[in-house]
Number of protein chains: 2
Amino acid sequence: MSQRQKITIKDVAREAGCGIATASRVLNRSGPASAEVRDRVERAARDLGFSFSAIGRALQSSRSMTIGCLVPSLANPVFAEAVQGVQEALSGTGYQLLIASSNYDGEADNDAIATLLAKEVDGLIVTMVAPEKSVALKRACQHGVPLSLMFHDPIDGLPSAHVDNFEAAREVARRFSELGHRRTGFLALRFSTSDRSRNRYAGFHAECRARGMPDPALIELSEAEANTPRLLAEILSTLDGLSAVFASNDFLAIAVQKAARLMGKIVPQDLSVVGFDGIEIGRLLDVPLATIETAPDAMGRQAARTLLDLMQGEACIQQPPLPFNFRAGGTLAPPRTESRDDDQGATWPPSVHSLKTELKQG
Amino acid sequence: MSQRQKITIKDVAREAGCGIATASRVLNRSGPASAEVRDRVERAARDLGFSFSAIGRALQSSRSMTIGCLVPSLANPVFAEAVQGVQEALSGTGYQLLIASSNYDGEADNDAIATLLAKEVDGLIVTMVAPEKSVALKRACQHGVPLSLMFHDPIDGLPSAHVDNFEAAREVARRFSELGHRRTGFLALRFSTSDRSRNRYAGFHAECRARGMPDPALIELSEAEANTPRLLAEILSTLDGLSAVFASNDFLAIAVQKAARLMGKIVPQDLSVVGFDGIEIGRLLDVPLATIETAPDAMGRQAARTLLDLMQGEACIQQPPLPFNFRAGGTLAPPRTESRDDDQGATWPPSVHSLKTELKQG
DNA sequence: CTTCCATGTGAAAACGTTTCCACCTGTTTG
DNA sequence: CAAACAGGTGGAAACGTTTTCACATGGAAG
């Protein structure tokens, strides 16, 4: 706690016996300087332990060398990995990452963007609740701040690093169908605040229809229900008769297995489960989890690279969606034969929400 | 992409027909102003869509309202959660989080701190490879920047939000011992770059000794070995005869189970496994993982609160270590009786590293 | 010997704030 | 009625940079 006040380039210039401009030129190698002066300045800077003030620089150049990143929460490893990917793509470019998280709150989203904007970030990488409705995001656009999205489908000409959730979910329906499943469920944790979940449901729903399966049951869980196997089991038991469940993320899928065990059901014989995200741990489980593999870190990297291009003034080009991959696993198998062909007989509980109308159609 | 240039307080003042100083006073409610002028200024600011430039403010007040945070990697959920905790504690204080990650590289650690310092962060929250040796960290100290550590044991009077890894590890040894285990192993992924791993080993080792058990086998894994069950199985099979393994994190512990299955061993009958961290998923597994529960988010929150106090000028007080909790689970059981009492007979492979000397003694 | 140019150099403006100070008005006090 | 004071107000300095511009100096070209 010794030296409380900072050493500026003025101090260096004084110590070296030259003008400020010269010191700046030497230290930045941005202009001519005699060997002798160069030497004095460099020595002075070293002796004094000088380093440039990024703030002074930012003010004068109106480039903060900072890029802002907004995600719902770092407690979700998917977003955390994406941010790590951004970090990696940024390393070596001189840009720093200013982070904000909204806790899945649309209001907080707007505040966060406003704050980031006030800090004059040179670019923005964003995942939020409702990008298409966010006034703050619109303002950022008009403001001319380069912008790139993550996880969202591209909107309004804004580039986005994403996977095609709709297509990926169709793939899951296809697998279910091919194995002979008919009655399925879709489990989501934050359906209303996650366009990803909604797109997945839409794709799943569309493909089920296309294959003549009954509409999947949509089950939206609360945080508590998702984390308490007993509660989850209760919910699942109200939906007796389904042979396969598509969980909108891997954690949920694992929770479903636990709940199934509690109910005395065996995965996959009594219930097939497929997750989403492809977290590493799924592979190491007793019964490896069938899931859609995605690469959040690659998403972060792509978002960052796109943003860097944009900041270079390059035209905004939307990259194709990042690939996903269906990972086979022990949690997916054909249904028990006896429950195969009784579609017509039983009354089938309707979807919890009926939002088939406002769903994307592919 | 319309309005590329910014609106400054000057524009507001001109629009309102008053001086800059007055505009500033009105907008900050920091001084007297007539009702009429106040009105004009506020209207002007609204009409123009003015917002303060954090950079201009930072330059003039020499407070950037930014705090820097360095962690090894956000791909590790433990650190990601901690950062999320920091984020939460900071929300509403007006401080933003500037993030850096080092990828477990000590050199990168130093660079990152230097960069953060150049950005004139008002405080620093740090988890790094070797805080006790870092010159950059020392410089930050001398520079007078408020500092708080996470995950590390307190050093040099720097406060740290941490759990007592040594004690927690002793707890594991105690559990093993009470169940009758004697030959144990300690698995670590990044032993050389993680003081946490080292402290855990030290505590585990110390308690094993204290209880008259043979020294635990120390097994340091490469990234590849940890993620490839086959490789891990090979390694484990070279250490035949041990009945219990303490993995330095839960992911490793789960990998060990997978490897054991590959070897035809049954957990916990043939091999007990205890992890560390207490990730949520461990609870949902087929065989719930026995582990030491910690709360990374609480660590982040504590680190942030301590830092805020420090920045208020309060004296630096070291909080007691955060509590840990032994979570019982299906992966821990007494060893098979036949392998109980043959200590003296067999030759026991020595620890991979023999660092018993430089280990913390409690 | 002049003219020109290259090279090295420093003063000063600009970036967007906040704050100190001085200057106005009126109004209250002696 | 003069003096002191309070409330409003704006000019200008400061924060740490970079960059423009102008001024030197010297050597080469005319």
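The sequence lines fix the lettering, A, B, ..., with proteins before strands; numbering per chain opens at 1. Just so it is clear, the model here is predicted, and its values are computed rather than measured.
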Seminar exercise, completed: Taking dG16(D), dT9(C), dT17(C) as options, the one with an atom nearest any side-chain atom of Ile9(B) is dT17(C)
For this session: Just compare dG10(C), dG16(C), dG16(D) and give me whichever is closest to any side-chain atom of Ala21(A).
Result: dG10(C)
For this session: Among residues two or more places apart or on two chains, list those pairs meeting side chain to side chain donor-acceptor pair (under 3.5 Å) that have a residue in residues 126-140 of chain A.
Result: Asn110(A)-Ser134(A)
Exercise. Where each residue is assigned the nucleotide of DNA chain D containing its nearest heavy atom, which of Gly19(B) and Ser62(B) is assigned the position nearer the 5′ end?
Worked result: Gly19(B)
Problem set entry | Whole-Å gap separating P (dT20(D)) and CD1 (Ile20(A)) | 17 Å
Exercise. Taking atom P of dT17(C) as reference, at what distance in whole Å does atom NZ of Lys119(A) sit?
Worked result: 14 Å
For this session: Would you mind classifying the nucleic acid contact of Leu59(B) as base, sugar-phosphate or nothing, using non-hydrogen atoms under 4.0 angstrom?
Result: base
Exercise. Got a salt bridge between Arg57(A) and Glu120(B), using NZ or NE/NH1/NH2 to carboxylate O under 4.0 Å?
Worked result: no
Exercise. Pick from Ile67(B), Asp309(B), Leu307(B): which one makes a side-chain contact (heavy atoms from CB on, under 4.5 Å) with Ser148(B)?
Worked result: Leu307(B)
Exercise. What's the CE-P distance between Met65(B) and dT18(C), to the nearest Å?
Worked result: 13 Å
For this session: State whether Glu15(B) and Arg40(B) are salt-bridged, where the test is any N-O pair (Lys NZ or Arg NE/NH1/NH2 against Asp/Glu carboxylate O) under 4.0 Å.
Result: no
Exercise. Out of dT19(D), dG10(D), dT17(D), which has the shortest distance to the side chain of Phe50(A)?
Worked result: dT17(D)
For this session: Give a yes-or-no answer on whether the side chains of Lys119(B) and Thr66(A) include a donor-acceptor pair shorter than 3.5 Å.
Result: yes
Exercise. The side chain of Arg57(A) lies closest to which of these nucleotides: dT9(C), dT17(C), dT17(D)?
Worked result: dT17(D)
Exercise. At under 4.0 Å between heavy atoms, what does Ser64(A) touch on the DNA or RNA strands: base, sugar-phosphate, or nothing?
Worked result: nothing
Exercise. Between Ala23(A) and Glu120(A), which is nearer to the 5' end of DNA chain C once each is assigned its nearest nucleotide?
Worked result: Ala23(A)
Problem set entry | Atom pair distance, as rounded to whole Å: CD in Glu36(B) and C1' in dG7(D) | 15 Å
For this session: Look at all strands and tell whether Gly56(A) reaches a base, only sugar-phosphate, or nothing, counting heavy atoms closer than 4.0 Å.
Result: base
Exercise. Whole-Å distance between dT17(D) P and Ile55(B) CD1?
Worked result: 14 Å
Exercise. Considering residues at least two apart in sequence or located in another chain, which fulfil the side-chain contact (heavy atoms from CB on, under 4.5 Å) criterion with Lys10(B)?
Worked result: Thr8(B), Ile20(B)
For this session: Could you check how far CZ of Arg38(B) sits from P of dG7(D), rounded to whole Å?
Result: 13 Å
Exercise. Going by an N to O cut-off under 4.0 Å, is there a salt bridge joining Arg14(B) and Asp11(B)?
Worked result: yes
For this session: Verify the contact: side-chain N or O of Ser24(B) to OP1 or OP2 of dT18(C), cut-off strictly under 4.0 Å; return yes or no.
Result: yes
Exercise. Lys10(B) NZ to dT17(C) C1': how many Å, rounded?
Worked result: 10 Å
Exercise. Can you tell which of Met299(A), Arg305(A), Arg301(A), Met150(A) makes a side-chain contact (heavy atoms from CB on, under 4.5 Å) with Val86(A)?
Worked result: Met150(A)
For this session: Indicate whether OP1 or OP2 belonging to dG8(D) is found under 4.0 Å from a side-chain N or O atom of Ser34(B).
Result: no
Please tabulate, one pair per line, each protein N/O and nucleotide N/O from nucleotides 21-26 of chain C that are separated by under 3.5 Å, including the distance.
none

Exercise. Over how many whole Å does the gap from Arg63(A) atom CZ to dT19(D) atom P extend?
Worked result: 11 Å
